[in-house]
Amino acid sequence: MSTDTDMKSPEAAAVPPPGPAQEKKRVPKGHKRLLTRRDRIALAFMAGVPTVLHVALVWVTALASIALAFTTWDGIGFDTIKWVGLDNFRQLFTDNPQFWPAVQHNIIWFVVLILIPTPFGLFLAVQLDKKIRFSRVYQTAFFLPVVVSLAVTGFVWQLVYNPDTGLINSLIGANKPGHYIDWIGNPHLNLWAVLIAASWRHAGYMMILYLAGLKGVDPSLREASSLDGANEWQTFKNVVFPTLRPTNTVVLVVTIIEALRAFDLVFVFNKGAQGTELLSILITNNIIGESSRIGYGSAIAVVLLVISLAVIIPYLIATFRKERQA
């Protein structure tokens with residue numbers, strides 16, 4: 001008669017009986033903390049400090065500027081702040097001879113940027129998207145003005161516009177006594193001279209934005225269009241360009257912001273005088289200028305904020321509404 005041990009299979013014999021040793025190997029149940037106390041402190045510090053700085057430097061200053069727009073203050077002591085209501089805005093719209101020319105120049109700035117360098121940037125992006133030779137070199141060359149500081153760009157173009165030794169006057173023969181063309185000092189030319197420098201930089205910015213949008217176009221759409229017999233222009237107009245609607249929204253918003261916050265180039269050229277008045281220049285001259293009219297300068301800043309929001313918000317609402325309906 002065989003024993004019980006002989007009747008057991010080798011597999012069953014290989015399994016050890018349950019006991020204290022097996023119970024020790026069990027993983028204890030319960031919630032295991034993934035972040036230590038030090039990790040939570042580090043995350044709170046990393047998220048808290050930028051948030052505090054953003055609120056303090058952006059939102060608090062913006063709200064303070066709106067509040068100061070209804071006061072007069074010379075910036076010396078908070079006890080000198082006096083409430084004047086709408087007097088700053090009334091004086092701005094009626095008694096300031098530089099305000100309406102500045103508004104006109106900002107509008108001209110936007111129109112020029114949206115009509116000349118923006119389509120040119122799109123053209124460059126389309127050409128570079130064809131994977132031509134040395135495309136990386138061309139991208140770097142066209143994008144270099146965007147990387148360079150606007151102040152440096154202004155100094156470079158000052159050399160180009162120099163009436164005596166400048167490149168332009170030397171090419172057209174206007175660098176001789178009696179034939180000088182003062183591109184910066186002439187109030188009928190200086191705004192357009194600054195806009196050429198701004199367009200030179202803006203074209204590279206638009207090229208990068210559109211090039212990123214073109215990289216996201218589905219190649220099958222172009223293949224289907226070519227199979228239907230469409231040429232390159234028809235494919236771009238009917239297939240590629242409609243898919244760039246989100247990029248066009250970004251381009252429009254960026255161009256509006258660039259036109260409204262234009263400051264560096266003009267300040268380097270001639271400090272916003274003699275036909276190059278801009279709203280940003282008026283704000284700077286009144287807040288940190290010799291007069292130090294902080295309340296009046298804040299009123300101009302509020303007008304600039306209202307203009308930018310009045311243009312951007314309706315367009316964004318209409319764009320997002322179309323995307324939801326689609």
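Here the structure is a predicted model, which is why all the values come from computation and not from measurement.
- Partners of L124 under the side-chain contact (heavy atoms from CB on, under 4.5 Å) rule, at least two apart in sequence or in another chain, are F120, F142, M207.
- Taken to the nearest 0.5 Å, the CD atom of Q98 stands 9.0 Å off from the CD1 atom of I300.
- Distance alone, capped at 3.5 Å, is enough to place a donor-acceptor pair between the Y161 side chain and the A193 backbone.
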Step-by-step side-chain contact (heavy atoms from CB on, under 4.5 Å) determination, K82 to W73: CA-CA 7 Å; K82 296 181 181 179; W73 185 34; over 6 Å; no
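- Across all their heavy atoms, M206 and V251 have their closest contact at SD-CG1, 3.4 Å.
- The closest donor-acceptor contact from the side chain of N162 to the backbone of T165 lies under 3.5 Å.
- For I288, the CD1 atom counts as loosely surrounded, since its 6.0 Å shell holds 12 or fewer non-hydrogen atoms of other residues, nucleotides or ligands.
- Judged by distance alone, the side chain of N169 and the main-chain N or O of P163 form a donor-acceptor pair under 3.5 Å.
- Side chain of T61 to backbone of L57: a donor-acceptor contact under 3.5 angstrom is found.
- Exactly one of V250, I257, L252 qualifies for a side chain to side chain contact (heavy atoms under 4.5 Å, CB included) with V254. That residue is V250.
- V253 and V58 fall into different hydrophobic clusters, defined by Ile, Leu, Val, Met, Phe, Trp and Tyr side-chain heavy atoms under 4.5 Å apart, directly or through other members.
- Taking Ile, Leu, Val, Met, Phe, Trp and Tyr as members and joining any whose side-chain heavy atoms lie under 4.5 Å apart, directly or through other members, the hydrophobic cluster of F155 also contains V268.
- One finds no salt bridge joining R293 and D74 here, because no Lys/Arg side-chain nitrogen approaches an Asp/Glu carboxylate oxygen to under 4.0 Å.
- The ring of Y205 has its center no closer than 6.0 angstrom to the ring center of F143.
- At least one donor-acceptor pair under 3.5 Å links the side chain of N238 to the backbone N or O of Q234.
- W157 and F269 have their aromatic ring centers separated by at least 6.0 angstrom.
- Scanning both residues, G272 and I281, for their nearest heavy atoms gives CA-CG2, 3.9 Å.
- Between the N286 side chain and the G297 main chain, no donor and acceptor come within less than 3.5 Å of each other.
- Remark: the backbone N or O of L68 is paired with a side-chain donor or acceptor of T71 at under 3.5 angstrom.
- Ring geometry for W83 versus F70: interplanar angle under 30°, hence parallel rather than tilted (30 to 60°).
- In plain terms, the two heavy atoms of F241 and N248 that are nearest each other are CZ-ND2, 3.6 Å.
- A donor-acceptor contact shorter than 3.5 Å is absent between the side chain of S225 and the backbone of L221.
- Put simply, the side chain of H105 never gets that close to the backbone of L278: no donor and acceptor are under 3.5 Å apart.
- Between the CG atom in D129 and the CZ atom in F236 there is a gap of 10.0 Å [rounded to 0.5 Å].
- In plain terms, the two heavy atoms of I114 and P119 that are nearest each other are O-CD, 3.5 Å.
- Put simply, CG on L191 and CG on N186 are 11.5 Å apart, with the number rounded to the nearest 0.5 Å.
- A donor-acceptor pair under 3.5 Å is formed between the side chain of N106 and the backbone N or O of L279.
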